[in-house]
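Note that this is a predicted model, so its numbers are computed, not measured.
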Amino acid sequence: MQVEPLEVLEFLQRYPPFDSLPEEALTRVVSEVEIGYFKANTQILALGQAVDALHVIRSGAVEVFRRNGELYNRLSEGGFFGEFGLLRDGKIRFPVKAIEDTLIYFIPAAVFHQLFDEYESFADAVEIEDRTRLRQAVSSREDANELMTSPVTALITRDPVSILTTASVQDAARCMTKASISSLLILHPPEHAKAGCIAGIITDRDLRTRVVSAGLSYSTPVAEIMTEELITVESTQYVFEAMLAMLRNNLHHLPVMQRERPVGVIAISDIIRYESQNSLFVVSNIFRQQTVTELATLVTDVQACFVRMVNEDANSRMVGSAMAVIGRSFKQRLLELGEAELGPPPIPYCFLALGSMARDEMLIVTDQDNAMILDDRFDPEQHDAYFAALAKFVSDGLAACGYPYCSGNIMATNPQWRQPRRVWQEYFDQWIDSPSPEGLLHSSIFFDLEGVWGAAEWAEQLNQHILRKARQSQRFLACMARNALNRTPPLGFFKDFVMEQDGRQNNTINMKRRGTAPLADLVRVHALAIGSKARNSFLRLDDVIEADILPRGRGQDLRDALELISMVRIRHQALSLEQGDTPDNSIAPEDLSEFERKNLKDAFQILSNAQKFMKFRYQAGR
């Protein structure tokens, strides 16, 4: 369609971001503009479609949608869209439809990028500057994902079906048959102190294995076969949190509670409607494998799960948590197989996950960090041969399943990390009371620990001991803070990126070593200082923000920085897998979009400022 240059010029001069441009720049823009017409209810841009121009509305109106179909924005004369795809990967992430007959001015991508690079006012208008821009970038990812924003009550399709503890198993079976359900809540009777509250739950499987197979009478009270130690979620929690609870505990049914009363029960099939990445299936498959060789065949499934989550716009906490649950499941199944092969353990023990797996921040590129806590009756001559063999079985199995051996030998195969409970307490006492470079290095790993098998309560007791002792030692916190400053963000004096020059990945940025790791270190110090029981960095930040020990607004800034840096790292790894390459943590800035480069600089600057504050706050013991 023919365009009248003067008309276009006068129009653009009335609307941002063009109203701040000099006339010579606008004249250049006008010379490249094309125009298009779209009838009402016509799709202008589809999800995933390549975009090669900024779209400016000359007349009419459009609706912009999130990828899940939810309305995101309405725009009319002077509004523009398509900039997000131009700044990212050249693909539309927010579909657009005309709701009236609409005329569009198309400003070619090359002209758009030239304006973006040359005129700060233009860049500011299409990308809100500094922290606000970063907040928008992060929140748009959070808002776009239903798993993170949908309350768990969205999964409830019926009122809870229940029966009293005094009923028989036959009564329970009849109730389940009548209601066509596979699980039944068991409630305390009216005369009980907790009348109306959940006492337990039974499932179809319980009736088969605990009643029929065991030959029990159908008149057996249901209280004798129910599961009493229940995992539940609150009605205020999100679908994502329910999914993680089921993944972590290998559950098929999960009661939803409101003020200590059940409001429903959700099943795996309910979450499957929301959870298209199939991480539940991966975990389920892990526990069905009978040998290490069979487990190793699931590596490609884990990688596919990772890529699917990224492509479905899962945020970093969702990806990290799901990958950590999958990693723990491999450990748990390997320990089951190991005990089956070697026989039952001679004394109780607890197998530990360390580092990113314990923090629920694991990605597809990771090695194995693990250890063992042994019962204090441990006698090396009598018992160590068994636990050394079990540790080797698990570590070799993890290596076969895509988790390489730890280059620092932080594994249970190392006798130093296979010790009785009293020795572990002595380790932490020494690291806290007499901090040394080696001890501080160990602290950065072992202060994130979780029991994944065996006497898991020992790990929790050790965590409580660490929190009590670390919080009281200002000298230790100061040493941890100084140690956390050893890894700095990759920003030069003029806020340009500083590249790695280590001979292997020249002219790249290691997003773990220079980004997520120093952020996790920094958050850990603050969390220890306030006695936070959380391990995940985002949850620790929640506690730190609530404790009000940071300057106003800095806690939210850190959340945004951690999310942005993590997602750049995650997307890089997913893209490598899709291209058939070996994923890593090293990214060349020229491979980033302009959007990512600008936001990364903001995020790294936030990290740099936070490190300066930490250095100031923890000065005791110098």
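The backbone N or O of V523 lies less than 3.5 Å from no partner atom in the side chain of R540, so there is not a single donor-acceptor pair. Within the 3.5 Å criterion, the main-chain N or O of T413 finds a donor-acceptor partner in the side chain of R418. Within the 3.5 Å criterion, the main-chain N or O of F378 finds no donor-acceptor partner in the side chain of D375. The closest donor-acceptor contact from the side chain of Q237 to the backbone of E234 lies under 3.5 Å. Without hydrogens or angle criteria, N536 side chain to R359 main chain gives a donor-acceptor distance under 3.5 Å. Here the side chain of D376 pairs no donor or acceptor atom with the backbone of P420 at under 3.5 angstrom. A donor-acceptor pair under 3.5 Å is formed between the side chain of Q419 and the backbone N or O of P415. Not a single donor-acceptor pair under 3.5 Å links the side chain of Q368 to the backbone N or O of L398. Between the side chain of Q289 and the backbone N or O of N285, at least one donor-acceptor pair lies under 3.5 Å. Without hydrogens or angle criteria, D429 side chain to E426 main chain gives no donor-acceptor distance under 3.5 Å.
Screening residues 523-532 for side chain to side chain donor-acceptor pair (under 3.5 Å) gives D448-R524, D521-R524, H526-Y618, S532-D543 as the qualifying pairs, with residues at least two apart or on separate chains.
Taking CG of L467 as the reference point, atom NZ of K469 lies at 13.0 Å (rounded to 0.5 Å). The distance from atom CE of M309 to atom OG of S316, rounded to the nearest 0.5 Å, is 10.5 Å. Between the CG atom of L519 and the CG atom of L558 there is a distance of 6.5 Å, given to the nearest 0.5 Å.
Taking every heavy atom of both residues into account, M226 and I202 meet most closely at CA-CG2, 3.5 Å. The two residues C305 and M323 have their closest heavy-atom pair at SG-CE, 3.8 Å. Between S183 and I201, the closest heavy-atom pair is CB-CD1, 4.2 Å. The two atoms that bring E450 and A358 nearest to each other are N-CB, 3.9 Å, heavy atoms only.
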Inset, instruction - Could you check L539 against R317 for side chain to side chain contact (heavy atoms under 4.5 Å, CB included), going step by step and ending with a plain yes or no? - result: CA-CA 10 Å; L539 296 179; R317 187 178 166 200; 3.7 Å; yes
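Y427 and W431 have parallel rings, their planes meeting at less than 30° on a 0 to 90° scale where 60° marks the start of perpendicular.
Residues L390 and P345 form no side-chain contact, since every pair of their non-hydrogen atoms from C-beta on lies 4.5 Å or further apart. Proximity of V325 to M243: side-chain heavy atoms (C-beta onward) are nowhere separated by under 4.5 Å. Looking only at side-chain heavy atoms (C-beta outward), D360 and R328 come within less than 4.5 Å of each other. Between V161 and C175, some side-chain heavy-atom pair lies under the 4.5 Å cut-off. Between M372 and C350 the shortest side-chain heavy-atom distance does not fall below 4.5 Å.
For E578, the CD atom sits in a packed shell: over 12 heavy atoms of surrounding residues, nucleotides or ligands are nearer than 6.0 Å. The number of heavy-atom neighbours closer than 6.0 Å to CZ of F287, taken from other residues, nucleotides and ligands shown, is above 12.
Remark: F351 engages no residue in a ring pair (Phe, Tyr, Trp, His ring centres under 6.0 Å) (not counting sequence neighbours). Looking at residues two or more places apart in sequence or on another chain, you find a side chain to side chain contact (heavy atoms under 4.5 Å, CB included) between Q382 and D379.
Using a 4.0 Å cut-off between charged nitrogen and carboxylate oxygen, R308 and D301 do not count as a salt-bridge pair.
In this structure, the ring of W417 has its center less than 6.0 angstrom from the ring center of H442.
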